[in-house]
Amino acid sequence: MLNPPQREAASHGGGPLLVLAGAGSGKTRVITHRIAHLIDQGIPAKAIAAVTFTNKAAEEMRERVAHILKNGKVARELTIGTFHAMGLWMLRQEREALGFPRGFAIYDQADQLGVVREILRRVGNDGADRRFDVKAILTRISLAKNGFIAPEAYAAAKANEADDYDVITAKVYPLYQEALRGFAAFDFDDLITEPVRLLDTVAEVRDRWRARFRFVMVDEYQDTNRAQLLLVQHLVADHGNLMVVGDDDQSIYSWRGADPTNILRFAEMFPGAKIVKLEQNYRSSKTILAAANAVIANNTKRHGKTLWSDKGQGELITHAVAPDVETEAKWVAQEARRLQEAGRRWQDLAVLYRSNLQAKLLEEELRAHDVPYTMYGGQQFFERKEVKDLIAYLRLALNGKDELALRRIINYPARGIGATTLEKLAARAQARHTSMWEVLKAAAQSDEAAAAELDVRASTRTALADFVDIITRLRERLATGVVAATRALVEEIALYDDLRGASPSLAAAQRRIDNVEGLFGTLTRHEAKGGGRDALADLLRHLSLQSDKDDKDEAGDKIVLTTLHGAKGLEFPVVFMVGLEEELLPHARTLQPQVTDVIDPDHATDVSEERRLCYVGITRAQQKLYITRACTRLTRGRTVPRTPSRFLLELPDELLEVIDLAELAREKVPATEVKDFFANFNFD
DNA sequence: AACTTGTCAATTTTT
DNA sequence: TTGACAAGTT
């Protein structure tokens, strides 16, 4: 059942344990068996926690544990969840002590950007002669939070840096944090840092949580950041019963704050730690593993593992060299079709690329060859704007301080409240140290003084009053029934009429209406479980922790298109890695960081993470790996020559079979002709 | 308040 | 070359 190192890890008693789990070495199996083992030993399920990064991983883990235990009840008593869900749970438990209202909100990235934008407007461009990239500032704030650096500390350290992004962030970060507290909102990062702060400062809370778990397990440990380490340290401080599972060679998120030191120096941070390496791979052919091992061996600063397999050599890796990107994409489409005709299912195939930009051409060629595909990742949350709008109404009704929600809907659907009025409301709120919602309510009531002070037209005042009425009514109705209240709201604001009016086609309108109806489905299920208004606040918070593509349509036999990052944790019988060229992998941005980038002086132009990305890509393949590259590429309207990726040169020649696609290029139809051809069709 | 024009940049995104 | 975003027009 389990191989010797797996068994050693799964039957580990107490104390710190680091499991270095290579790609495809059965790490989830080890965690689930360890949990089952602990239960067998008589440890109560309530005293065991397993922490993951994704909802998907958490769900899978719970299912597999339930399966091993053959006991759903015990499995349900386990604490299994993401870091963020765990943090949210803690904050909810301690809500009153923190002084937060029941309806407190979770801000996602769109909300966060809104907050930063607003602050920038307030502080002005601050002497700088150029516009700041809002996202670059938010990235810095997030990195600071991940590193558990408080606003004041950051401001003190960075206020006089030469980098003006550091300087503006030093100004914005404290204001940002202040704003969030004023809105009774936490961002994703707060879900980790605020519990830590609480554990740091309140002894009673600390003791309670430390007594809660006797065994803690962390998955994908190489992806943890400093704040997460601190949280884990708190939880296991009394007993040190911490098992972490991860792979330093698959650390590809350091740009998001993940700190690989956590896994590299685990033994120093948790003295007496035992280390177990899982090096037997159950996924890939010997050839593929040899390639992966050869590439990753060029990295220093690693624990060092060599994957092996008792599978056969398998096929050689095909390295296809195309004269240009069109040919590269076209060949992938053709080869995919050939494989499918030879008996492969589409879903057995995946195309992996470094940047989403590369997907566009691939999509075109796949479509032209009638190859069905599905794209993982990519930001498609725009499509759900209508859902977010409706949720904003609910959020505001539950939490009057939620200014982002208010701003989002105060004039949606349009009711004649413009930027000027909004400015006045904001200024008033600022001056009075209160929320915009309170200002609104005062002005809307027959409070002549408040209305006069606000200095708005009578018609505007009516509009404001109407808006206040809508929210107030919604709030009252929510107390008696969530679904009915939301239905009444949708009627009242004529949401569907607005969607129909704003959509370019009837089909598009229907799709958006269906999306809203999807939300109603969620609300109905929620109500069936007896959830009232307070539970609704909980539901909305958890909804924001649910990724959009959580319900990605896995159904259907389709080729998977994804970035290398998005491919982590997945596996496919056949994998195409495209664009293995310098400046793409490793990416130009790594080789030459830009002003908006946060540059770590120790790791400037360090390509080791790019190499790990390459390693992750290779190890996704079970039976057959294709690597393609183009000799020229159209970049910013210019055709530029391309050189092979340095990682490609690290692959032993005997593992490769090289094919030249020059022949295929000669029969290609010029892209312009294809465009003209399609221009004759009217796509809805 | 919807449209137009100009500017700037062009990675990766588990929550 | 495409696109996103914000300021400027009608």
Side-chain angles (χ1 to χ4, degrees), chain A residues 51-58 81-88 106-109 112-113 117 120-121 125 130-136 138-139 142 145-146 186-192 219-220 222-225 227-228 250-258 352-361 376-382 411-420 502 541-550 562-570 579 583-597 609-610 612-613 616-617 633-639 671 675:
Chain A
V51 192
T52 66
F53 274 88
T54 67
N55 294 305
K56 196 176 149 213
T82 63
F83 267 105
H84 292 87
M86 184 98 124
L88 172 57
I106 305 293
Y107 275 15
D108 65 11
Q109 189 180 268
Q112 298 181 57
L113 286 170
R117 222 171 258 136
L120 280 178
R121 249 194 290 272
N125 235 15
R130 74 192 142 94
R131 236 187 12 235
F132 287 110
D133 177 346
V134 183
K135 216 163 182 177
L138 185 60
T139 300
S142 182
K145 287 185 164 194
N146 290 163
F186 293 112
D187 64 20
F188 287 153
D189 301 324
D190 287 331
L191 297 180
I192 313 299
D219 191 20
E220 302 283 15
Q222 76 283 350
D223 290 340
T224 51
N225 57 41
Q228 287 159 337
Q250 292 187 67
S251 162
I252 55 174
Y253 283 108
S254 70
W255 52 274
R256 269 184 113 228
L352 275 38
Y353 38 84
R354 173 68 236 260
S355 141
N356 284 311
L357 250 65
Q358 297 169 258
K360 206 182 160 202
L361 196 64
Y376 282 14
Q379 263 93 334
Q380 68 231 129
F381 59 80
F382 240 101
N411 196 37
Y412 177 81
R415 48 176 75 88
I417 302 172
T420 319
R541 287 188 286 258
H542 280 282
L543 227 48
S544 42
L545 294 188
Q546 216 88 44
S547 87
D548 280 2
K549 67 221 169 171
D550 214 43
T562 173
T563 61
L564 287 164
H565 284 90
K568 199 178 77 157
L570 307 176
E583 312 233 288
L584 212 46
L585 189 72
H587 198 275
R589 198 80 183 244
T590 304
L591 303 169
Q592 292 169 338
Q594 302 296 298
V595 280
T596 51
D597 294 337
E609 185 149 309
E610 298 287 305
R612 289 192 288 270
L613 211 39
V616 166
R633 190 170 284 271
L634 203 64
T635 325
R636 296 175 217 180
R638 289 261 162 269
T639 301
K675 230 178 230 167

**Study point:** Side-chain N or O of A/Asn356 closer than 4.0 Å to phosphate OP1/OP2 of B/dT11
**Key:** no
Check your understanding: Counting side-chain heavy atoms from CB outward, which of B/dA1, B/dT13, B/dA10 is closest to A/Asn411?
Key -> B/dA1
Exercise for review: Please report, rounded to the nearest Å, how far the P atom of C/dC5 is from the CZ atom of A/Arg121.
Suggested key: 13 Å
Exercise for review: Under 4.0 Å between any heavy atoms, over every strand shown, what does A/Asp187 touch: base, sugar-phosphate, or nothing? Just pick one.
Suggested key: nothing
Exercise for review: Would you check if the side chain of A/Asn55 reaches a backbone N or O of A/Ala85 as a donor-acceptor pair within less than 3.5 Å?
Suggested key: no
Check your understanding: With under 30° as parallel and over 60° as perpendicular, where do the rings of A/His84 and A/Phe188 fit, or are they tilted in between?
Key -> perpendicular
Point to revise | A/Arg354 vs A/Ala85, nearer the 5' end of DNA chain B by closest nucleotide | key: A/Arg354
Review point. Reckon A/Phe83 touches a base, only the sugar-phosphate, or nothing at all at heavy-atom distances under 4.0 Å?
Key: nothing
Check your understanding: NA contact type, A/Arg638, heavy-atom cut-off 4.0 Å: base, sugar-phosphate, or nothing?
Key -> nothing
Practice item. Indicate whether the side chain of A/Gln222 and that of A/Glu220 have a donor and an acceptor atom separated by less than 3.5 Å. Key: yes
Check your understanding: Nearest to the side chain of A/Glu610 - B/dT14, B/dA10, B/dT11?
Key -> B/dT11
Practice item. Identify which nucleotide among B/dA10, C/dA6, B/dT14 has an atom closest to any side-chain atom of A/Thr54, counting heavy atoms from C-beta outward. Key: B/dT14
**Study point:** Side-chain-base donor-acceptor pair under 3.5 Å for A/Arg636 and C/dT1
**Key:** no
Review point. Is the backbone of A/Ser254 close enough, under 3.5 Å, to the side chain of A/Glu609 for a donor and an acceptor to pair up by distance?
Key: yes
Point to revise | Distance-only donor-acceptor check, side chains A/Ser544 and A/Asp108, under 3.5 Å | key: no
Review point. B/dT11 base stacked by A/His587? Criteria: ring centres under 5.5 Å, plane angle under 30°.
Key: yes
Check your understanding: What interatomic distance, in whole Å, is found between C1' of C/dT1 and the corresponding atom of B/dT12?
Key -> 22 Å
Exercise for review: Name the residue closer to the 5' end of DNA chain B, choosing between A/His84 and A/Gly416 according to the nucleotide with the nearest heavy atom.
Suggested key: A/Gly416
Exercise for review: Could you give the distance separating B/dT13 and C/dA4 at their P atoms, to the nearest angstrom?
Suggested key: 16 Å
Check your understanding: Which of the following nucleotides, C/dT2, B/dT14, C/dA6, is nearest to the side chain of A/Lys360?
Key -> C/dT2
Check your understanding: Which is true for A/Asp223 with a 4.0 Å heavy-atom rule: it touches a base, it touches only sugar-phosphate, or it touches nothing?
Key -> base
Exercise for review: Identify which nucleotide among B/dT12, B/dA10, B/dT14 has an atom closest to any side-chain atom of A/Arg589, counting heavy atoms from C-beta outward.
Suggested key: B/dA10
Practice item. Identify whether any heavy atom of A/Leu634 sits under 4.0 Å from a base atom; if not, whether one sits that close to sugar-phosphate; answer base, sugar-phosphate or nothing. Key: nothing
